[in-house]
Amino acid sequence: MNPVPSHPALTAAQARLAALDQQFQPVAMIEHEEGAAAVLLESRDFRVIVIVANQDGEWVAPSIVAGTPRPTSRSRPARTAEHRPLLRMSRSRVPHADANGERADTSWSAVLGTAAADATTLTVISTIDSYTAPIASNGLAFALVRTPTGEHPLIHVHTADGRILPVRS
């Protein structure tokens with residue numbers, strides 16, 4: 001995976017986690033064209049997705065963030081299993097704010113997981129947005145979409161042999 005470039009969303013995400021007693025390092029970042037970014041940060045023990053919104057030119061992190069334990073094993077299977085195409089999957093959702101800072105009818109939804117070695121892309125589809133991301137060489141699968149609040153997007157893993165496998169949560 002390429003190093004995470006310097007970006008104001010990354011700075012906001014790191015500032016949001018600064019008070020925690022962890023050494024969080026950026027792993028990946030996705031900037032959405034509609035004014036949000038998902039930043040994946042990891043410490044020795046935890047993995048956190050911070051969804052940061054661009055509000056009038058200022059990148060603002062949410063007041064609440066959630067994390068998961070960092071995977072202890074970085075191994076992954078050679079072939080994507082039909083019953084579990086995305087391993088160690090986690091999701092994060094943050095309500096989208098409108099121009100007045102009020103909660104809008106949409107949310108930002110991020111999906112994170114580890115894909116098998118034969119996986120090529122991760123696709124996440126909502127009724128109003130979609131995102132297809134290449135699987136990183138280490139198996140990291142990471143995507144960000146806008147969804148109607150309360151909607152769970154469809155998630156698919158695409159493999160090198162042409163299979164498209166739905167991810168069931």
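Excluded from the calculations below are hydrogen atoms, water molecules and symmetry mates; all remaining heavy atoms, backbone and side chain alike, are included.
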Would you tell me whether Ser107 and Thr147 have side-chain atoms, one donor and one acceptor, within less than 3.5 Å of each other?
no
Main-chain N/O of Asp105 paired with Thr149 side-chain donor or acceptor, under 3.5 Å: yes
Applying side chain to side chain donor-acceptor pair (under 3.5 Å) to Arg76 and not counting sequence neighbours gives none
Candidate pair Leu40 and Phe142, rule side chain to side chain contact (heavy atoms under 4.5 Å, CB included), full reasoning | CA-CA 9 Å; Leu40 173 61; Phe142 188 39; 3.9 Å; yes
### Message
Donor-acceptor check, side chain of Asn54 to backbone of Gly35, threshold 3.5 angstrom: yes or no?
### Response
no
Okay, side chain of Arg16, backbone of Pro62: is any donor-acceptor separation there less than 3.5 Å? yes
So CG of Leu112 and CZ of Arg91: to nearest 0.5 Å the spacing works out to 11.5 Å
### Query
Is there a side-chain contact between Val167 and Val157, using heavy atoms and a 4.5 Å cut-off?
yes
- Query: Are the side chain of Ser126 and the backbone of Pro153 linked by a donor-acceptor contact shorter than 3.5 Å?
  - Reply: no
By ring-ring contact (aromatic ring centres under 6.0 Å, His included), His32 pairs with (sequence neighbours left out) Trp108
By side chain to side chain contact (heavy atoms under 4.5 Å, CB included), Gln25 pairs with (sequence neighbours left out) none
Taken in chain and number order and not counting sequence neighbours, the residues that satisfy side chain to side chain donor-acceptor pair (under 3.5 Å) with Thr114 are none
Residues at least two apart in sequence or cross-chain that pass side chain to side chain contact (heavy atoms under 4.5 Å, CB included) with Ser43, listed by chain then number, are Gln22, Phe24, Asp45, Phe46
Residues passing the side chain to side chain contact (heavy atoms under 4.5 Å, CB included) test with Ala143, sequence neighbours excluded, are Leu122, Val124, Tyr131
For the side chain of Arg93 and the backbone of Glu151, is there at least one donor-acceptor N/O pair under 3.5 Å apart?
yes
Practice prompt. Decide yes or no for Ser92 and Ile51: does some side-chain heavy atom of the first lie under 4.5 Å from some side-chain heavy atom of the second?
Written response: yes
Side chain to side chain donor-acceptor pair (under 3.5 Å) filter on Thr120, not counting sequence neighbours, yields none
| task | Starting from the C-alpha separation in whole Å, work towards a yes-or-no answer on side-chain hydrogen bond (donor to acceptor under 3.5 Å, both in side chains) for Thr132 and Thr123. | result | CA-CA 4 Å; Thr132 298; Thr123 300; 3.1 Å; yes
Contacts of His7 meeting ring-ring contact (aromatic ring centres under 6.0 Å, His included) (sequence neighbours excluded), chain-then-number -> Trp59
The side chain to side chain contact (heavy atoms under 4.5 Å, CB included) partners of Pro26 (sequence neighbours excluded) come to Val4, Leu10, Gln14, Leu41
Sequence neighbours excluded, the answer for side chain to side chain donor-acceptor pair (under 3.5 Å) partners of Ser6 is none
Contacts of Arg47 meeting salt bridge (charged side-chain N to carboxylate O under 4.0 Å, His left out) (sequence neighbours excluded), chain-then-number -> Glu42
Kindly list each side-chain donor-acceptor pair under 3.5 angstrom involving residues 79-87, sequence neighbours excluded, with atom names and distances?
residue	atom	partner	partner atom	Å
Arg79	NH1	Asp161	OD2	3.0
Thr80	OG1	Asp118	OD1	2.6

